[in-house]
There are 2 protein chains.
Amino acid sequence: MARYKVGLETQGKILEATRRLLGESGFEAITVKGICAAAGIQAGSFYNLFPTKDEAVLTVVRDAISTFDPDPDGEGNDTVEALVDAYTGFVIKDPELGRVYAHMAVTAALTQDHLAGRIQRHHEQRVERFTNAYVREHPDVSRSLAGYRMEILLGALNGLSIRWSIDPTFDICSYASLMVDELSTTP
Amino acid sequence: MARYKVGLETQGKILEATRRLLGESGFEAITVKGICAAAGIQAGSFYNLFPTKDEAVLTVVRDAISTFDPDPDGEGNDTVEALVDAYTGFVIKDPELGRVYAHMAVTAALTQDHLAGRIQRHHEQRVERFTNAYVREHPDVSRSLAGYRMEILLGALNGLSIRWSIDPTFDICSYASLMVDELSTTP
DNA sequence: CATAAAATTGAGTGTATACTAAAAATTGAC
DNA sequence: GTCAATTTTTAGTATACACTCAATTTTATG
């Protein structure tokens, strides 16, 4: 753990580099060597501050998850539209972390054993939060149908996020808006 | 290239193993050593038949793409429902290749440089085929709105495929049916 | 400014990877 | 059955990876 000022600075540089490289090339392609080069340090310095590569990756992932889980205390007042808008809003505001989140939600669950459980849990909570919002807005829709619809909505949102991650000019906001619009007119 | 019978058999064993391992663990985790162990051969034998690992992977990917692009000649008579049903039908019938396809469509475009172009092209063709079917069924909907809707539909289908790939008990067919149903009632 | 703690470096380790080459074994057309 | 072409094996190479450690330098506290 960092105790001196320089150590904290180095920690910051490492996390910044990790975040950028994760967003650029994903969970498979990231290497300690790459992180160190991007941070301008040597491997030994990295391991003075992080016990393993995965620990640095996990720190960034935790950061991405909490960023994209807006205002957890206000859960009882969500609307589906607000949740989707919050997501696309964050993606636009911090595309680097947005890419990390998209990779995480979709690819990392398949390929990163040490993250799979955490990602699965996050997905379930996310579906529940969206479903709660949806039933609150549509009391006449059964909870199970609402769950189906929100699973599809999040599947689509993840799919579109990957599309955007591959092609940064892809206008994810328009697609997300259209999706929410058409959802709100479905009886 | 294989010229003797045993060579062709070995080629078959290699492709079978590659397909299974791709479906099980994805594009990042597959190794020549793993393929050879699963096929019951040595590395030298592999390289007698395939110039590189990527060539074996690409052969399986081509196979997956053509499997999930049903009856290309009948393009002019598609319906969106039939296209989605064909997709989920193939996924159920050959889950191994289905998993390969899902990994490919979503993760490989990000992480496998040698496949990215091919996957991008395939996706664009897929969107176009779906869009053509949709405008044929809904002549009153503009082509651009149809394109948006089909991009979302395919995003969702990809997202749900990944969900199914992570959790094989996930009932992708029900979700896909619901999606098509609700699409057909959208004006 | 002395000193202990922390940070950094540089030069490693071991392991796994894709891929190769030479020799031995097998195949199949004649 | 011969023999050249093909296939298989065995034993490698080179490279990239995560991670380590002893020596050196830097930090900050009294």
Side-chain angles (χ1 to χ4, degrees), chain A residues 1-22 24-61 103 107-108 110-116, chain B residues 1-22 24-61 103 107-108 110-116:
Chain A
M1 222 211 310
R3 301 207 175 145
Y4 288 179
K5 212 177 84 186
V6 282
L8 281 168
E9 281 168 12
T10 302
Q11 207 173 54
K13 282 191 238 165
I14 289 172
L15 291 175
E16 213 174 297
T18 304
R19 168 199 286 226
R20 202 187 80 224
L21 294 175
L22 276 181
E24 276 174 12
S25 347
F27 288 83
E28 333 297 334
I30 200 165
T31 63
V32 174
K33 198 178 168 189
I35 294 170
C36 292
I41 59 165
Q42 304 300 318
S45 217
F46 178 94
Y47 285 101
N48 179 53
L49 294 164
F50 293 90
T52 61
K53 181 185 83 166
D54 285 344
E55 198 59 40
V57 169
L58 180 57
T59 304
V60 172
V61 165
H103 283 237
T107 82
L110 285 165
T111 56
Q112 306 294 303
D113 289 352
H114 72 288
L115 294 176
Chain B
M1 222 214 308
R3 305 217 168 138
Y4 287 180
K5 213 177 84 186
V6 282
L8 281 167
E9 279 168 14
T10 302
Q11 205 173 53
K13 281 191 236 164
I14 289 172
L15 291 175
E16 212 175 297
T18 304
R19 168 199 286 226
R20 202 187 82 224
L21 294 175
L22 276 182
E24 276 172 14
S25 345
F27 288 83
E28 332 297 333
I30 200 165
T31 64
V32 173
K33 198 179 167 186
I35 294 170
C36 291
I41 58 164
Q42 304 301 319
S45 219
F46 177 95
Y47 284 101
N48 179 53
L49 294 163
F50 293 91
T52 61
K53 180 184 83 164
D54 285 343
E55 199 58 41
V57 168
L58 180 57
T59 304
V60 172
V61 165
H103 284 237
T107 82
L110 286 164
T111 57
Q112 306 294 304
D113 289 351
H114 72 286
L115 294 176

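Letters A, B, ... are given to chains in the order of the sequence lines, protein chains preceding strands, and every chain is numbered from 1.
Applying the 4.0 Å criterion to OP1 and OP2 of D/dT7, one finds that B/T10 has every side-chain N and O outside that range. When the side-chain nitrogen and oxygen atoms of A/Y47 are compared with OP1 and OP2 of D/dC19, one or more of them lie within a distance under 4.0 Å.
Spacing between atom CZ of A/R3 and atom C1' of D/dT26 amounts to 17 Å, rounded to whole angstrom units. As a whole-Å value, the separation of B/Y4 OH from D/dT6 P is 6 Å. Rounded to whole Å, atom P of C/dA18 lies 15 Å from atom CD of B/E55. Put simply, CD on A/E28 is 14 Å from P on D/dC17, counting in whole angstrom units. Nucleotide C/dT8 holds its C1' atom 16 Å from the CG atom of A/L8, rounded to whole Å. Rounded to whole Å, atom C1' of C/dA6 lies 10 Å from atom CG of A/L49. Atom CG of B/D54 is separated from atom C1' of C/dA18 by 10 Å (rounded to the nearest Å). One interatomic measurement links the two molecules: CD of B/Q11 to P of D/dT6, which rounds to 14 Å at whole-angstrom precision.
Atom CZ of residue A/F27 and atom OG1 of residue A/T107 lie 6.5 Å apart, to the nearest 0.5 angstrom.
A/I30 comes within 4.0 angstrom of the backbone, heavy atoms only, and of no base.
When each of A/V60, A/V57, A/T10 is tested with A/L15 by the rule side-chain contact (heavy atoms from CB on, under 4.5 Å), just one qualifies, namely A/V60.
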Going through the distances and angles, do A/K5 and A/L8 end up as a side chain to side chain contact (heavy atoms under 4.5 Å, CB included)? CA-CA 5 Å; A/K5 212 177 84 186; A/L8 281 168; 5.7 Å; no
Could you go step by step and tell me if A/K13 and A/E9 meet the salt bridge (charged side-chain N to carboxylate O under 4.0 Å, His left out) rule? CA-CA 6 Å; A/K13 282 191 238 165; A/E9 281 168 12; 5.9 Å; no
Evaluate B/F46 against B/T52 for side chain to side chain contact (heavy atoms under 4.5 Å, CB included), listing each step before the verdict. CA-CA 9 Å; B/F46 177 95; B/T52 61; over 6 Å; no
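Remark on DNA chain C: of its neighbouring residues A/V6 and B/K5, the 5'-side contact belongs to A/V6, judged by nearest-heavy-atom nucleotide.
Looking at heavy atoms from C-beta onward, B/L22 lies out of side-chain contact with B/H103 at the 4.5 angstrom threshold. Put simply, the side chain of B/E28 does not reach to within 4.5 Å of the side chain of A/L110, judged on heavy atoms.
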Protein N or O to nucleotides 9-16 of chain C N or O, pairs below 3.5 Å:
unit_1, atom_1, unit_2, atom_2, d
C/dT9, OP2, A/Q42, N, 3.4

